[in-house]
Structures are given as C-alpha cells and as structure tokens.
Amino acid sequence: MSAKTSEIKLKFLEALQTISNAEELEKIRVEYIGKKGYVTELLKEMKNLSNEEKKTFGQEVNILKNEVNDKISEKREELRLKEIELENSRMPEFDISMPPKLKRGSYHPITLVQRQCEEVFRSMGFAIEDYSEIVTDYECFEALNIPKNHPARDMQDTYYLENGQLLKSHTSAAQNAIYKKYKDALINDGKPIKAIFPGRCFRNEATDACHENTFFQMEGVMVDKNISISNLIFFMKTMLSEVFQKDIKVRLRPGFFPFVEPGFELDISCLICGGDGCPSCKHSGWLELCPCGMIHPEVLRMGGIDPEEYTGFAFGLGLTRLAMMKYGVKDIRDLNSGSLKNLAQFTDDK
Ligand code: PHE
C-alpha cells in the first residue's frame, strides 16, 4: 500500500473512533468518499503514473474506498443499536425494538358477515360489484321509479352535496349502472345478470339503538327470461341458511317499494326462539330482514332491458341488521363506535 493511501486509511480509522452520532458519521463519509473526499481525490493523482502503476494504484484506492464504505455502514448500525439501548435505558419498561404486545386484531362483524354472504353468492355464480357512496339523484331515485317530487321520496332522506349529488341512501342506487353494464351480455349472449353489490348507505335519521345514519346493505339482482318469485325465495333461503349454519324458514309479506312490483318484506324464523315467539321477535316468531321484489318493468327499461322479454328480482339485505342478529349486537351504534372494547367481544377468536 502506498504511503499516501495508508496515511488516509489511518486518519479515517482514527476519525471514526471519535464519532458519536449519525450527523458526524455523515460528515466523515463526505469528507472521505464524497465527490471531493480524500479517497476520491487520490484517483486524480493517477494521471502522473505509468500504465502499470495506474493499475495497482487504482486497485488499491478501490479497496480502500470499499473498506471505508463498509466501516461506515458498520458504524451506522452500531450507532442505531446504541440509540435503541439509550431509549430503553430511559424507559426500562418499554423496549422500542419489540413488536407491540397488542392482541391480534379481528375483522369487524359487518366485514365478517359481508364476506360470508359474498362467498355464498359467488358460489351461486353472482358477480360482486363495488359502487360509489356518492351518487346522483337519477341513480338513487329517478332510475328507481321515484320521480322528483313524488311522495315516495319521503321514505328515505339522505345527505345532499352542494353540487346536487348525494350520499346513497340504499344500495339500489347502483341498480341502473349494473343493468347497463351487463345488459349487452344478457341480450346478445343470453347470459343472465347475476350480481350483488354491498355498500355503505346513509340516511338522515335520528339515531337510537336500532337506527344509524350510516349502515351497510347488500343489494342483489338477477335478470333473465322467466325469473320468478320462486327464484328469489330459493336464493335468499340458501344464502341465509349458509350464513346462520342452520335451515332458515322464510316468509314473504307484501311491502311497498316503487322499484319492485310486486314488493315484499322477507322475514326469517326467529333465530332465538326458532319461531315459537320470544321478546326478540316481539312474540311473532319472525324477524324482518330483507326487502325484496320483482324488478319494476320501468326500472328494467331505464336500465336498457326490455321488460316484455326479461324479468328479474332484487333484494336489499340489511348487512348491519344481519351482523347484529348473528353476533347478538343489541345497539347498532356499537358497530360504528370504533371501540375495540365493544367490538372485540363479538368477533374475538372467531
Ligand atoms: N332499497 C330498499 C331500501 O333500502 C330495499 C329494497 C331493495 C327493496 C331491493 C326492494 C328491492 O329500503
């Protein structure tokens, strides 16, 4: 090693000894192997050397450069560990290098129920669609046979944005877009439209144990030739029996929604008493779960589908409701509380 190289190396090693923090280390790095550092400068001296000398000297400088680099990395790690140690000594109870001792997280009850429903419908050939939470008046109401100023608008109040858009008050707001998306495959290739679209919905409501201004629904539609109410009952019964892991009895009562004709309220046999009657089902043996019906011809037409040729059903499953039933959540507000203490009791270790 040439005298010059070893001198620089020695000086570097000495300087390294005195380093006590990352800033000083960086200063030394620049001083030695930065653009104008001592080691880099050495290379400039090469021009005065013979070819043979250039080769050995070049190698020597490169070796030195790598050594300096390695030592700096080592030092950096050493400083990092020292810092952790220092932090630890300041707070003996708290080791910042340890993974947090929090309990493993769990999914939100609504997420769990939503995924389960999605799984069942996926296995029955339904596509799962996502849709925005901000929609137009047309999507949320007009395309669903609820014209402006129609009394049916009173059924659902929501939050309006200054630009005239609104937060969707039900997942039905995606129906029109779904029909338009899949209608060509239905009409040209005879592929039935089968889709579910879960989503967050909003209503301008006074909140109490059973009402929230933000909740989840899962809409489902099926459109093809000769779809009837029997198809609707079959799919709902299968899905609910899977979700609750037992045979669920269902019944339909008439219900009014402008976008279905006929429209129904689908009830399921009470999960607590099995249908005998108890306080949870107000002694009726039935729980109201899912409004549904045969898609109104006008709604199909607005979606670009000829109602003379095709029929379909639609349902709006209350996911929040379902989660409450499945996990025995008594107050709907617990679900949006963000309180792990409240939520973990329903889903922990499940
Ligand atoms: N969108 C309706 C509501 O939220 C429910 C519904 C969906 C009814 C589909 C019939 C068919 O009240």
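Order of listing sets the numbers, starting from 1, for every ligand and every atom in it.
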Legend entry - Carboxylate-amine/guanidinium contact Glu41 Lys44, below 4.0 Å: yes
Inset, instruction - Decide, yes or no, whether a salt bridge links Glu119 with Arg122 under the criterion of side-chain N to carboxylate O below 4.0 Å. - result: yes
Inset, instruction - Any atoms of ligand 1 less than 4.0 Å from a non-hydrogen atom of Phe259? List them with their elements. - result: 1 (N), 2 (C), 6 (C), 7 (C), 8 (C), 9 (C), 10 (C), 11 (C)
Inset, instruction - Quick one: look up the protein heavy atom nearest atom 5 (C) of ligand 1 and list residue, atom name and how far away it is. - result: Pro291 CG, 3.5 Å
Inset, instruction - Quick one: look at Met155 and ligand 1, take heavy-atom pairs under 4.0 Å, and tell me if it's side chain, backbone, both or neither. - result: neither
Legend entry - Which of the ligand 1 atoms, numbered from 1, are nearer than 4.0 Å to a heavy atom of Gly316: 7 (C), 9 (C)
Inset, instruction - Could you tell me the residue and atom name of the protein heavy atom closest to atom 11 (C) of ligand 1, and the distance to it rounded to 0.1 Å? - result: Ala314 O, 3.6 Å
Legend entry - Distance-only donor-acceptor check, side chains Lys180 and Asn176, under 3.5 Å: yes
Inset, instruction - Mind listing the closest non-hydrogen atom pair of Gln175 and Glu219 along with its distance? - result: NE2-OE2, 2.8 Å
Inset, instruction - Could you list which atoms of ligand 1 come closer than 4.0 Å to a heavy atom of Gln156? - result: 3 (C), 4 (O), 12 (O)
Inset, instruction - Using a strict cut-off of less than 4.0 Å between a Lys/Arg side-chain nitrogen and an Asp/Glu carboxylate oxygen, indicate whether Glu26 and Arg29 qualify as a salt bridge. - result: yes
Legend entry - SB check Glu14 Lys11 (cutoff 4.0 Å): no
Inset, instruction - Could you tell me which non-hydrogen atom of Ile196 sits nearest to which non-hydrogen atom of Glu118, and how far apart they are? - result: CD1-CA, 3.9 Å
Legend entry - Phe264 near ligand 1 by a heavy-atom separation under 4.0 Å: no
Legend entry - Salt bridge present between Arg333 and Asp331 (N-O < 4.0 angstrom): yes
Inset, instruction - Say whether His170, considering both its backbone and side-chain N or O atoms, lies within less than 3.5 Å of an N or O atom on ligand 1. - result: yes
Inset, instruction - Considering the heavy atoms of Cys292, write down every atom of ligand 1 situated less than 4.0 Å from one of them. - result: 10 (C), 11 (C)
Legend entry - Sub-4.0 Å atoms of ligand 1 with respect to non-hydrogen atoms of Arg203: 3 (C), 4 (O), 12 (O)
Inset, instruction - Check whether any heavy atom of Gly263 sits under 4.0 Å from an atom of ligand 1. - result: no
Legend entry - Numbered atoms and elements of ligand 1 in range of Phe315, under 4.0 angstrom, heavy atoms: 7 (C), 9 (C)
Inset, instruction - Would you check whether Glu219 has a nitrogen or oxygen atom less than 3.5 angstrom from a nitrogen or oxygen atom of ligand 1? - result: no
Inset, instruction - Kindly confirm or rule out a cation-pi arrangement of Lys168 over Tyr131, judged by NZ or CZ under 6.0 Å from the six-membered ring centre and within 45° of its axis? - result: no
